[in-house]
Number of protein chains: 2
Amino acid sequence: MARTTGSHSEITGPRVREAALRLFARHGYAAVSMRQIATEVGVQAGALYNYTPDKQSLLFSLMRGHMDELLAARKALGEEGSPTDRLERFTRFHISFHSERPEAVFISYMELRSLEPENFQIIESLRRDYENALEGILRDGMDSGAFTVADPKIATLAVIAMLTGVNTWYRSAGRLTLEEVEQIYWDMVRRCVS
Amino acid sequence: MARTTGSHSEITGPRVREAALRLFARHGYAAVSMRQIATEVGVQAGALYNYTPDKQSLLFSLMRGHMDELLAARKALGEEGSPTDRLERFTRFHISFHSERPEAVFISYMELRSLEPENFQIIESLRRDYENALEGILRDGMDSGAFTVADPKIATLAVIAMLTGVNTWYRSAGRLTLEEVEQIYWDMVRRCVS
DNA sequence: GTCTATACCTCGATAGAC
DNA sequence: GTCTATCGAGGTATAGAC
């Protein structure tokens, strides 16, 4: 892991982000030092500042990148089909997307309070966009009579909380395959809104 | 807020815990310094060490106290009635108990990673006790035919995640009363398992 | 682009006066 | 029981050599 002088910007940049992602997720933003990140990458602390203006920007960039990916992937699901079909797609998508990047998910939920106010507002707004996508499905289903939901706003938050909870226990080497987990949760979500 | 020399142990002790609870919840354990806590209480940093051997013990004591309260209150719900009745009691209890102490709940979920290993094991074990109480209700309901649940372990985690999510948005001055929130969630939980 | 060195600050925790 | 003062460690970020 010892490093000598040289240029490695194309390699080191991503490695800084990966190390920060892993360490922030494991120990928390405030508990991780720039020196630790540098050690993980194999450079000295000063070298990190070639890739980020400061520690806060590094956190924000990770969270922003995650939310942008999430929203783009959600959009790619499309709007075709019945509300029930769309809700099933959303449910399965949420579980599989989140299970593939547990560290980014964890940071994006846990480190909101570590963001400076302007950065917080931006991430919060992106998250609301995501919630609104689900709420739209639920409202369409209420209008068409497919769903019975007392309060679509609350049902949205309840479903997302339930689905995101998968990340606290799911391991790909565990008792259930991801497909089985998706099926179990889809059964519960479907019954929740019918 | 300026303080003079004197003895105030009966007052200061609880005040230290309250200040730590509030600050840990707002900014995170790692981001809060003993000096900040002392300032909030109105003493100097050194004086805190009359009430806790160190910062870690303060965190653990807060989390331990919360879990003990939670388990005692859950036990007081009793085991009488049908599985459906018990599930309704559990659901309403979880929501109201958690909504009354959002800071302790927040810390107990978010700061698990800030605990030293031995302390972590203790809190995790208490949390499993709580989950097992709900799982027992679900299993009894499956046995009696009242519930249809594909996987009681997963349903337990799903229901708890859904219910705990209330704390992320519920405010007592908001659009809905706590009773209304409880009713909405009970409807969703009931349908989830039927 | 990375290094070494360092400025400057804040941390947790302790010692000893009152 | 609280104060002031302080220790030693470690924090972010920058400067300048290579």
Side-chain angles (χ1 to χ4, degrees), chain A residues 1-24 26-62 107 111 113-116 118-119, chain B residues 1-24 26-63 107 111 113-119:
Chain A
M1 194 54 82
R3 290 289 315 287
T4 54
T5 301
S7 296
H8 303 277
S9 81
E10 318 77 18
I11 306 184
T12 306
R15 273 166 56 76
V16 168
R17 294 173 61 85
E18 287 158 19
L21 187 74
R22 180 167 50 252
L23 289 170
F24 288 165
R26 181 127 52 195
H27 306 291
Y29 172 77
V32 172
S33 72
M34 294 299 269
R35 286 197 236 273
Q36 276 177 274
I37 298 171
T39 300
E40 189 91 350
V41 174
V43 299
Q44 293 297 316
L48 296 182
Y49 293 86
N50 291 312
Y51 303 97
T52 179
D54 51 37
K55 191 184 174 191
Q56 168 75 198
S57 302
L58 185 51
L59 174 64
F60 176 66
S61 167
L62 291 172
I107 290 174
E111 299 298 350
R113 64 185 171 188
S114 301
L115 290 174
E116 288 165 5
E118 323 87 88
N119 292 339
Chain B
M1 194 53 85
R3 290 286 314 286
T4 55
T5 302
S7 296
H8 304 276
S9 79
E10 319 79 16
I11 306 183
T12 306
R15 274 168 57 74
V16 169
R17 294 173 62 83
E18 287 158 19
L21 187 74
R22 181 167 49 250
L23 289 171
F24 288 165
R26 182 125 54 194
H27 306 292
Y29 173 77
V32 172
S33 71
M34 295 298 269
R35 285 174 173 84
Q36 275 178 273
I37 298 171
T39 299
E40 189 91 349
V41 174
V43 298
Q44 293 297 317
L48 296 181
Y49 292 86
N50 291 310
Y51 303 97
T52 179
D54 51 37
K55 192 184 175 190
Q56 168 75 197
S57 301
L58 186 50
L59 173 64
F60 175 66
S61 166
L62 291 171
M63 291 176 69
I107 289 174
E111 298 298 350
R113 64 186 170 188
S114 301
L115 291 173
E116 288 164 6
E118 322 87 87
N119 291 339

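Chain A is the first sequence line, chain B the second, and so forth, proteins listed ahead of strands; every chain is numbered from 1.
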Task: Nearest-Å distance for atom pair CE/C1', residues Met34(A) and dT4(C) - done: 17 Å
Open item on the list: Let me confirm one number: the CG-CG distance from Leu48(A) to Asp54(A), rounded to the nearest 0.5 Å.
Closed with: 12.0 Å
Task: Value in whole Å for how far the P atom of dG10(D) lies from CD of Gln36(A) - done: 11 Å
Task: Residue Asn50(A), side-chain atoms from C-beta onward, closest of dA13(D), dT2(C), dA13(C) - done: dT2(C)
Open item on the list: Donor-acceptor pair, distance only, cut-off 3.5 Å: does the side chain of Glu111(A) make one with the backbone of Tyr29(A)?
Closed with: yes
TODO: Can you tell me the distance, in whole Å, between the CG atom of Leu58(A) and the C1' atom of dT12(D)?
DONE: 13 Å
Open item on the list: In this structure, how many angstroms lie between the P atom of dT10(C) and the NE2 atom of His27(B), rounded?
Closed with: 16 Å
TODO: May I ask you to verify if any side-chain N or O of Tyr51(A) is less than 4.0 angstrom from the OP1 or OP2 atom of dT2(C)?
DONE: yes
- [ ] Can you tell me the distance, in whole Å, between the CD atom of Gln56(B) and the P atom of dC11(C)?
- [x] 18 Å
Open item on the list: Under a 3.5 Å distance rule, please check whether Thr39(A) uses its side chain to pair with a backbone N or O of Arg35(A) as donor and acceptor.
Closed with: yes
Task: Backbone N/O of Gln36(B) and side chain of Ser33(B): donor-acceptor pair under 3.5 Å - done: yes
Task: Thr12(A) vs dG1(C): side-chain N/O to OP1/OP2 distance below 4.0 Å - done: no
TODO: Using atom CD1 of Ile37(B) as one end and atom P of dA13(C) as the other, report the distance to the nearest whole Å.
DONE: 10 Å
Open item on the list: Quick check: on DNA chain C, is the nucleotide nearest Arg35(A) upstream (toward 5') of the one nearest Ala47(A), or the reverse? Name the residue that is more 5'.
Closed with: Ala47(A)
Open item on the list: Is there a side-chain contact between Ser33(A) and the phosphate of dG10(D), meaning an N or O under 4.0 Å from OP1 or OP2?
Closed with: no
Open item on the list: Does dT4(C) have its OP1 or OP2 closer than 4.0 Å to a side-chain nitrogen or oxygen of Gln44(A)?
Closed with: yes
- [ ] Dump the intermediate steps for side-chain contact (heavy atoms from CB on, under 4.5 Å) on Met34(B) and Ile37(B), then the final yes or no.
- [x] CA-CA 5 Å; Met34(B) 295 298 269; Ile37(B) 298 171; 4.2 Å; yes
Task: Residue whose closest nucleotide on DNA chain D lies nearer the 5' end, Pro53(A) versus Ala31(A) - done: Ala31(A)
Task: Rounded distance in Å - OH (Tyr49(A)) to P (dT6(C)) - done: 18 Å
